[in-house]
Amino acid sequence: MLLLSYDLPQDMDSQALVIRIRIPDGGAVDWTVQPATQLLFRDILDVIGQVLPDATTTAFEYEDEDGDRITVRSDEEMKAMLSYYCSMVLEQQGSSPLVEPLQIYPRACKPPGKRNIHGLKVNTRGGTSNNCNSSISDSMSSNSLKKTSAELKKILANGQINELDIQNRDILGHGNGGTVYKAYHVSSAKILAVKVIPLDITVELQRQIMSELEILYKCDSQYIIGFYGAFFAENRISICTEFMDGGSLDVYRKIPEQVLGRISVAVLKGLTYLWSLKILHRDVKPSNMLVNTRGQVKLCDFGVSIQLVNSIAKTYVGTNAYMAPERIAGEQYGIHSDVWSLGISFMELALGRFPYPQSLPHLLCRIEAEGISVILMAPNWPRRVPFQILQCIVDEDSPVLPVGEFSESFVHFITQCMRKQPKERPAPEELMGHPFIVQFDDGNTEVVSMWVCRALEERRAQNSQE
Ligand code: ATP
Ligand code: MG
């Protein structure tokens, strides 16, 4: 038995880790790693070297939830893989107490001579673990992981998706008018996010909404959430999208500038893509910016269906704290209003709190007198925005990030986005060319990935303590 150690989140750190090394001829070798020492990237390569002695292996891959292969070439990348694996295991544990091994695929190997080494269990079936009897875990471990997101998109976009195909599992969150579930799509064995919105509308209006949503099938950007389909059942619409295992940015605390910089680049590219299709987002805010453990950042909930937006607005209050002053004042809405919301969202994420009201004690007193208090400083912005805050956004000067705490280019970027006059805010091309964006447009998803993984680990540790 090889005794090595590895770095797992607290709630998993007493379990042995089984790494299944998949070899090119279809077989597999299981390697059990005991907890409580230190597992290095080099250690995994050493073991691969023992399994595949004729090959020179310098990297290996694992599959993410979409079945896409992620390469691991360093300790850092290995750490991200372990965090991703742990989050999958913790997710699966609800449905099955048995843990699927972590599957890795050695890269650039010559055809191996299969070899058993002392203490390793050789599995030549080339398939899935035989000790997993839950249907979800089973299918997730085999077929589903082979399917690429593109394939899945095709299957789901074929009009096949309906209520019977989907099993809603956990609630991911509630919003204005709807609930988002983590769901299991039976035939593709994929995890999806399904937003369910109760809507009492005519069949004609339902048809209009479905046709307006058609454009989502055409949206093809790595910065926009993947859309798999939508359907009406009874008086509810279900909108099925890609599941993001890091959730939305509103639940993260203060985000360090070098992470926020990379996130800003992705969000801006997502918005620029939508604007290029003549779609205004209309609801840019931290809860509509999603992240995953691969370090991807994607926008969701943009207003492609006017009928859907109107139908929801009839039932629920439509003002939110991220709206531009001109929009709160009922004036015309344009790209510039999305730019304001981008600025205020990033200001909040940098400060770790909503930036209004600036003259805090004075406003808090006023608001407390009306029975609304503490919520102003809570990281989760209340659904109903106190009128005073809206008035403050319209009447007062925009808040400015404290210079000294943040880089000059970041402060300038936010200040420009939050100019009170819409026309003075930068146009899309100016935003893309801004030094703050240029500086962080380096394609480094690792920074975001590590930060998401760490934050999720901390959250789990905190939950297990409570
Ligand atoms: P509002 O309804 O005012 O836009 P919201 O964005 O918080 O508010 P929802 O859009 O209903 O509300 O989303 C609720 C929560 O569900 C989000 O805050 C997010 O944490 C989670 N969520 C939404 N979509 C996904 C997804 N695709 N993957 C993972 N989590 C998601
Ligand atoms: Mg949302």
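Both ligands and their constituent atoms are indexed starting at 1 by order of listing. Counting begins at 1 with the first residue of the sequence.
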For [X], atoms of ligand 1 separated by under 4.0 Å from a heavy atom:
{"X": "D283", "value": "4 (O)"}
{"X": "T241", "value": "27 (N)"}
{"X": "A193", "value": "26 (C), 27 (N), 28 (N)"}

Is it the side chain (CB and beyond), the backbone, both or neither of [X] that lies under 4.0 Å from ligand 1, heavy atoms counted?
{"X": "L290", "result": "side chain"}
{"X": "D245", "result": "neither"}
{"X": "N320", "result": "neither"}
{"X": "E242", "result": "backbone"}

- request: Step through the shown structure and confirm whether more than 12 heavy atoms of other residues, nucleotides or ligands are within 6.0 Å of CD on Q332.
  value: no
Does [X] qualify as a cation-pi partner of [Y], given the criterion of NZ or CZ under 6.0 Å from the six-membered ring centre and within 45 degrees of its axis?
{"X": "R327", "Y": "Y333", "answer": "yes"}
{"X": "R73", "Y": "F60", "answer": "no"}
{"X": "R69", "Y": "Y105", "answer": "yes"}

query: Would you say the side chains of T71 and R107 form a donor-acceptor pair under 3.5 Å?
result: yes
message: Side chain or backbone, does G247 bring an N or O within less than 3.5 Å of an N or O on ligand 1?
response: no
query: Can you name the N/O/S atom of D301 that is nearest the Mg ion (ligand 2)?
result: OD2
- prompt: Are any of the side-chain nitrogens in E242 or K298 under 4.0 Å away from the carboxylate oxygens of its partner?
  reply: yes
message: Is the distance from the ring center of Y85 to that of Y62 below 6.0 Å?
response: no
- request: On the 0 to 90° scale, with breaks at 30° and 60°, tag the H434-F413 ring pair as parallel, tilted or perpendicular.
  value: perpendicular
task: Could you tell me if any non-hydrogen atom of K285 lies under 4.0 Å from any atom of ligand 1?
output: yes
- prompt: Do any N/O/S atoms of N288 come under 2.8 Å of the Mg ion (ligand 2)?
  reply: yes
- prompt: Where the closest heavy atom to atom 18 (O) of ligand 1 is concerned, which of G175, G173, S248, G246 has it?
  reply: S248
